[in-house]
Amino acid sequence: MQDMTPLTTLALDKGDWLNLVYLFAAVLFYLGLKMLSSVKTARRGNLVSALGMLVAIAATFFVISDGEAISLVWIGIALLIGAVAGLILAVRVPMTGMPEMVALLNGCGGIASLLVACGDYLKTSDADLALLPGNTLMAIGLATLIGGLTFTGSLVAYAKLAGSKFIPDAPVQFAGQKALIAVLLIGGLVLSGYMIAQPGFGFGLILIAILALALGVLLVIGIGGADMPVVIALLNSYSGIAASMAGFVLGNFALIITGALVGASGIILTNIMCKAMNRSLMNVLFGGVGGAVAGGKGGPQGEARSFSIEDAAIVLDAARTVIIVPGYGMAVAQAQHAVKEFAQQLESRSIDVKYAIHPVAGRMPGHMNVLLAEADVPYEQLQDLEQINPQFEQADVALVIGANDVTNPAARHDTTSPIYGMPILDVDKARTVFVIKRSMNPGFAGIQNELYFKENTGMVFGDAKKVVSELSAELAAN
Amino acid sequence: MDPFVISIVVFVLAIALGVEVITKVPSTLHTPLMSGSNAISGITIVGALLASFSETFFALGVFLGFLAVIFATFNVVGGYVVTNRMLEMFKGKDGK
């Protein structure tokens, strides 16, 4: 990329070749993502993408192994440790643990970008630093900032998802939190800019790293568990942008392109999740929804009718169409296999079964789809909000399993409700609604669900897995 | 053209490409999309490899490079394997 070389020579040096290989890898990543647009080609797409990664790593290794550097053995060891750890965890993690796994992976990507930027900076002598263009120095600061906050943010998200004792699922907020976040963020950006003026100011970089790590914690700790789909998608995006910034540091197109692809992907998912809750990203990040009691009115009161397993089974047996509405409760109870068996039981009585999947059901985008796929539920039966909502009116039974706020009719009409305007599944329009729930405790938004007090709603109390299994058994016995 | 300007051009075009291709992914596959794109962002491993390559042994910068290699490799391997596991489950239903 120096001045124009005469075409006649057309001599590509090693760096040029490497960049062409990277471009090839980036094309494979692109094709891999493209193949994710259909369930049929998705798996091959992932393999194509993995092949791209293999090519990029092999080419890089080939180029650096040319010299006789003492660090090569250590690099081999580092590769081995990372690969073995990644493999073990990826093979062992249960499908219900997928949100935590994704959070952990995001975090690792973030810290890697931070380390690459800082490592590259520390490796460069002061004399050479002074020669670096300002934008490279700025990129070092930004990669450190974004990588660092992705890391700690992901760890906090991980702890919340894994139900850690130390970090509560509910949002942790304190006075001045927003101001502190703003100060830290501006401080990080100013310091990144300052790197241009004072290239040798290594302490500044350490300061940026510390600011970034603190920022990650502050940003995520104030967000409630049920808003995690947004957070996970956003952190996904950050990890990509951090990789891109590391690419700017190294002048490496592979990192810039792929980081941008991932950054775009995360932003789109974030946007989809926010729309599905009818909330702005700012509201999700700083709204602190999910505190003890929102609104304070206590919601609708009245009698909720409790149904026994036997009574519920009789109604289900007489139904012709049943729509199952899974939520986070199904994931917690690990009830997906029981649900599938129950659905088979219904289908064996020629009852039509469909699943209604709300975009933010669960703790990450697509959470319910993965769990039901694990249980071998045909994905054609899974319907999203727009597809399924018109069908509730014709449904005999809507069976809500561990979903709460996404079924609350108050979102349609109660302007005082915190979830007003959020697109919901119109389960209340079904002839009969059964809600499987542990107790009458309000949902995540801290509001009581109006649905439970409707005339056509019956509550079946108990653990999702237990209740569903008992319903299957009761049906089979008839 | 300044390399930095070229980099910015590439960055912006790549984002446009990303938006184009990702909007076509069905919501059923959003989780594998996240873990899969996450594995791709492990491309930092390339930077980590370059950063950890050195003639000197005891340099903090090189040590950070090693750590970066570990994390990035974890990201890459873990991401692809877990995505493959999920997609296998989705694929299994095609024939039935």
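Everything quoted here is computed from the prediction, not taken from an experiment. Letters go in sequence order (proteins before strands), and every chain restarts at 1. Because only heavy atoms are used, hydrogens play no part in the values below, and waters and symmetry mates are left out as well, while side chains stay in.
Looking at B:A39, the atoms closer than 4.5 Å to chain A (heavy atoms on both sides) all sit in the backbone: N, CA, C or O. Contact annotation for A:Y22: only side-chain heavy atoms (C-beta onward) come within less than 4.5 Å of a heavy atom of chain B. Residue contact with chain B, scored on non-hydrogen atoms closer than 4.5 Å, involves the backbone and the side chain of A:L105 alike. Residue A:I267 does not touch chain B at all, counting heavy-atom pairs closer than 4.5 Å. Contacts between B:V46 and chain A at a heavy-atom distance below 4.5 Å involve backbone atoms as well as side-chain atoms. In this structure, the portion of A:L47 lying under 4.5 Å from any heavy atom of chain B is its side chain and not its backbone. Looking at A:N46, both its backbone and its side chain come within 4.5 Å of chain B, counting heavy atoms on both sides. In this structure, the portion of A:I268 lying under 4.5 Å from any heavy atom of chain B is its side chain and not its backbone. Neither the backbone nor the side chain of A:V249 has a heavy atom closer than 4.5 Å to any heavy atom of chain B. The part of A:R92 that comes within reach of chain B is its backbone (N, CA, C, O), which places non-hydrogen atoms under 4.5 angstrom from that chain. Residue contact with chain B, scored on non-hydrogen atoms closer than 4.5 Å, involves the backbone and the side chain of A:L79 alike. In this structure, chain A has heavy atoms under 4.5 Å from both the backbone and the side chain of B:L33. Heavy atoms closer than 4.5 Å to chain B are found in the backbone of A:S38, but not in its side chain. When heavy atoms are compared at a cutoff of 4.5 Å, B:L13 does not approach chain A at all. Looking at B:I45, only its side chain comes within 4.5 Å of chain A, counting heavy atoms on both sides. Looking at A:L33, both its backbone and its side chain come within 4.5 Å of chain B, counting heavy atoms on both sides.
Note on ring orientation: taking the six-membered ring where Trp is involved, the planes of A:W74 and B:F66 are tilted (angle from 30° to 60°).
Heavy-atom neighbours of B:R85 CZ from other residues, nucleotides or ligands within 6.0 Å: above the threshold of 12.
Nearest heavy atom pair, residue A:S265 against residue A:N236, reads OG-OD1, 4.2 Å. Residues A:H358 and A:A276 approach most closely at CE1-O, 3.4 Å, considering heavy atoms.
Put simply, of A:T136, A:L255, A:V102, the one with the most heavy-atom pairs under 4.5 Å next to chain B is A:L255. Among the candidates A:G45, A:G247, A:A85, the residue making the largest number of heavy-atom pairs closer than 4.5 Å to chain B is A:A85. Contact count versus chain B (heavy atoms, under 4.5 Å) is highest, among A:D120, A:I232, A:V370, for A:V370. The choice from A:N135, A:L250, A:N252 that makes the most heavy-atom pairs within less than 4.5 Å of chain B is A:N135. Among A:G263, A:G32, A:A50, the residue making the largest number of heavy-atom pairs under 4.5 Å with chain B is A:A50. Ranked by heavy-atom pairs shorter than 4.5 Å toward chain B, the options A:L382, A:D384, A:V93, A:I81 are led by A:V93.
A donor-acceptor pair under 3.5 Å is absent between the side-chain atoms of A:S113 and the main chain of A:A143, judged by distance alone.
Annotation: side chain of A:K123 is not in contact with side chain of B:L64 (no heavy-atom distance under 4.5 Å). For the pair B:L49/B:V69, a side-chain contact is recorded, criterion being any heavy-atom separation below 4.5 Å from C-beta on.
Here B:F74 contributes atom CZ and A:I111 contributes atom CD1; the two are 13.5 Å apart, rounded to the nearest 0.5 Å.
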